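Everything on this sheet refers to the single structure shown next.
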Amino acid sequence: VSAAKALEDAGLKWSEVDAVYDTGGDQNIGGLGISEYFGFKPRVIDTTYVGGSSFEFQANHALAMITAGKCNVALITYGSTAHSDRRAIGTAGATGVGPATFINNMEDPWGLTLIGNYAMVKSRHMFQYGTTNEQFAHISVATRRHAMRNPEAVRAMTDLEFVGVRDIAVSDVLESRLIAYPLRLLECCMVSDGGGAVVIASAAVARNCRKRPVWIIGSGEATKYRENGGDITVSAGAQAAPLAFGEAGVTPAEIDVLMAYDSFSITVMCLIEDLGFCKKGEGGAFVGDGHLVFDDPRKPAINTDGGGLSSNHPGQRGIFLLLEATRQLRGESTSQVANAKLAVAVGNGGQLGSRHATAVTILAVD
Amino acid sequence: MGTVYTFTVIMQSRHPAFAELGPYAVAYVDLDEGFRVMTNIVGVQDPIQDVQCGLRVKLHWHDQGEGQLALPMFAPA
């Protein structure tokens with residue numbers, strides 16, 4: 001359904017798709033299965049999977065392949081039934097199945113959950129920079145405000161039986177229950193179902209599309225992992241961002257909308273700092289004065305669709321960052337930033353406190 | 001000996017081996033020899049109150065019984 005909507009939005013025919021991008025992550029379909037499912041005969045098949053950030057990686061790769069003349073119309077697809085499957089993603093702990101690897105035999109015995117992994121980054125951030133729980137809570141509050149303006153997010157929160165589908169205050173976040181100290185419930189993304197699709201096309205094709213295109217003007221990607229003596233508060237975004245901003249020829253100060261992967265409050269905090277919206281360690285003060293919302297004149301607005309915290313998170317949220325960034329640049333968001341010209345989608349996949357991948361995609365209006 | 005680099009206290013784990021433990025601390029500990037290891041901090045009354053970044057800790061082998069590997073955990077020094 002998402003693929004059909006995306007192609008209709010672009011005014012393109014199924015037969016024009018000559019490149020497929022699918023993570024294969026949740027449904028185990030991938031570039032191989034998706035071709036058969038839709039009956040494509042693609043020239044480019046890509047199953048890049050780096051967790052929730054996969055779609056920013058795929059968008060960047062699709063652009064490179066189009067630029068190289070290997071394809072003209074790339075379709076990125078994603079679908080997940082994580083909620084309906086009752087998957088315990090954040091609190092499940094290690095699976096304990098499969099062969100021992102250098103990863104699981106040194107980590108599984110300690111009972112670290114996915115949420116605990118991110119919580120360790122928050123602990124260190126608070127210790128190292130003096131960041132407070134109140135400051136972190138502002139991220140959840142701003143995101144919920146955007147969600148309440150988005151009917152689809154309200155429906156998702158209602159369907160998932162959120163306690164109180166309403167705007168929240170800092171005190172609500174601080175009083176929500178601890179899941180993994182120091183992360184509380186309202187700092188954690190939901191587990192929902194969801195799907196999305198994005199069409200990336202050559203300039204010649206895009207010019208003749210039904211809707212005004214938005215352009216990818218810069219991209220960068222990187223990985224980060226545990227290192228002896230390393231700084232756990234610095235994400236791979238610190239390495240990926242200069243590549244993307246350098247290519248785009250713009251600075252963070254010029255960005256109107258930041259779609260930052262909000263698996264948890266700490267993920268957003270690290271990405272804001274590491275992409276250069278403020279200095280490292282000063283994210284607490286940056287987010288703490290409530291300047292993340294769509295109608296604040298100070299840029300950027302963050303996660304204007306309601307984010308993973310309050311609209312959807314089916315396991316790999318990266319595609320929704322591209323979708324909402326595009327809506328903003330077309331003036332179609334339910335929390336529209338006035339005169340938005342530049343947007344950043346930054347995906348963060350894997351687990352922030354151990355190994356993760358970050359990709360930055362910078363988008364601009366026509 | 002080592003120093004707690006960072007830690008979390010798991011309040012909710014659905015893994016059968018950990019589900020009934022009650023709150024427990026998982027940490028990265030920087031060993032004095034230079035390695036950073038993931039481990040548990042044990043020997044504390046209340047892990048949220050009693051564990052902090054920078055806490056000095058010492059090795060505490062956790063015996064899992066006959067024929068099982070003993071696990072290296074850490075307790076306040």
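The sequence lines fix the lettering, A, B, ..., with proteins before strands; numbering per chain opens at 1. No experiment lies behind these values; they were computed from the predicted model shown.
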Q.
Applying side chain to side chain contact (heavy atoms under 4.5 Å, CB included) to A:Leu183 and A:Leu178, what does each step give before you reach the verdict?
A. CA-CA 6 Å; A:Leu183 279 177; A:Leu178 274 172; over 6 Å; no
Q) Is it the case that A:Tyr78 and A:Ser54 place a side-chain donor and acceptor less than 3.5 Å from each other? A) no
Q: Residue by residue, scan residues 56-77 of chain B and write down, ordered by number, those that have a heavy-atom distance under 4.5 Å to chain A; if none do, write 'none'.
A: B:Leu71, B:Pro72, B:Met73
Q. Do the two ring centres, one from A:Phe286 and one from A:His138, sit under 6.0 Å apart?
A. no
Q) Going by atom types alone, do A:Asn348 and A:Ser53 pair a side-chain donor with an acceptor below 3.5 Å? A) no
Q.
Checking A:His125 against A:Phe136 for the side chain to side chain contact (heavy atoms under 4.5 Å, CB included) test, could you report, in this order, the C-alpha distance in whole Å, the side-chain angles of both residues, the deciding distance, and whether it holds?
A. CA-CA 11 Å; A:His125 202 283; A:Phe136 277 102; 4.2 Å; yes
Q. Taking atom types as modelled, is there a side-chain donor on A:Thr81 or A:Asp193 under 3.5 Å from an acceptor on the other?
A. no
**Q.** Heavy-atom proximity to chain A below 4.5 Å, by part of B:Ala27
**A.** backbone
Q: Determine the option with the most heavy-atom pairs under 4.5 angstrom with chain B, choosing from A:Ser354, A:Gly116, A:Ala119, A:Gly353.
A: A:Gly116
Q) How about A:Arg317 and A:Ser311: does a side-chain donor come under 3.5 Å of a side-chain acceptor? A) yes
Q) Does the pair A:His356 and A:Thr358 meet the rule for a side chain to side chain contact (heavy atoms under 4.5 Å, CB included), with working shown? A) CA-CA 7 Å; A:His356 66 260; A:Thr358 304; 3.6 Å; yes
Q) What pairs with A:Val165 under side chain to side chain contact (heavy atoms under 4.5 Å, CB included), at least two apart in sequence or on another chain? A) A:Met148, A:Val154, A:Met157, A:Thr158, A:Phe162
Q.
Which one wins on heavy-atom pair count under 4.5 Å against chain B: A:Ile115, A:Asp231, A:Val121?
A. A:Asp231
(Q) Report, in residue-number order, which members of residues 1-9 of chain B are under 4.5 Å from chain A by heavy-atom distance. (A) B:Tyr5, B:Thr6, B:Phe7, B:Thr8, B:Val9
Q | Side-chain donor-acceptor contact under 3.5 Å, A:His313 with A:Ser192 | A | no
Q.
Is A:Gln128 in contact with chain B via its backbone, its side chain, both, or neither, using a 4.5 Å heavy-atom distance?
A. side chain
Q. Taking it one step at a time, do A:Cys278 and A:Ile272 satisfy side chain to side chain contact (heavy atoms under 4.5 Å, CB included)?
A. CA-CA 7 Å; A:Cys278 64; A:Ile272 284 174; 4.1 Å; yes
Q: Not counting sequence neighbours, which residues clear side chain to side chain contact (heavy atoms under 4.5 Å, CB included) with B:Leu21? List them please.
A: B:Phe18, B:Tyr24
(Q) If we define contacts as heavy-atom pairs under 4.5 Å, which of B:Ile48, B:Thr39, B:Leu31 has the most with chain A? (A) B:Thr39
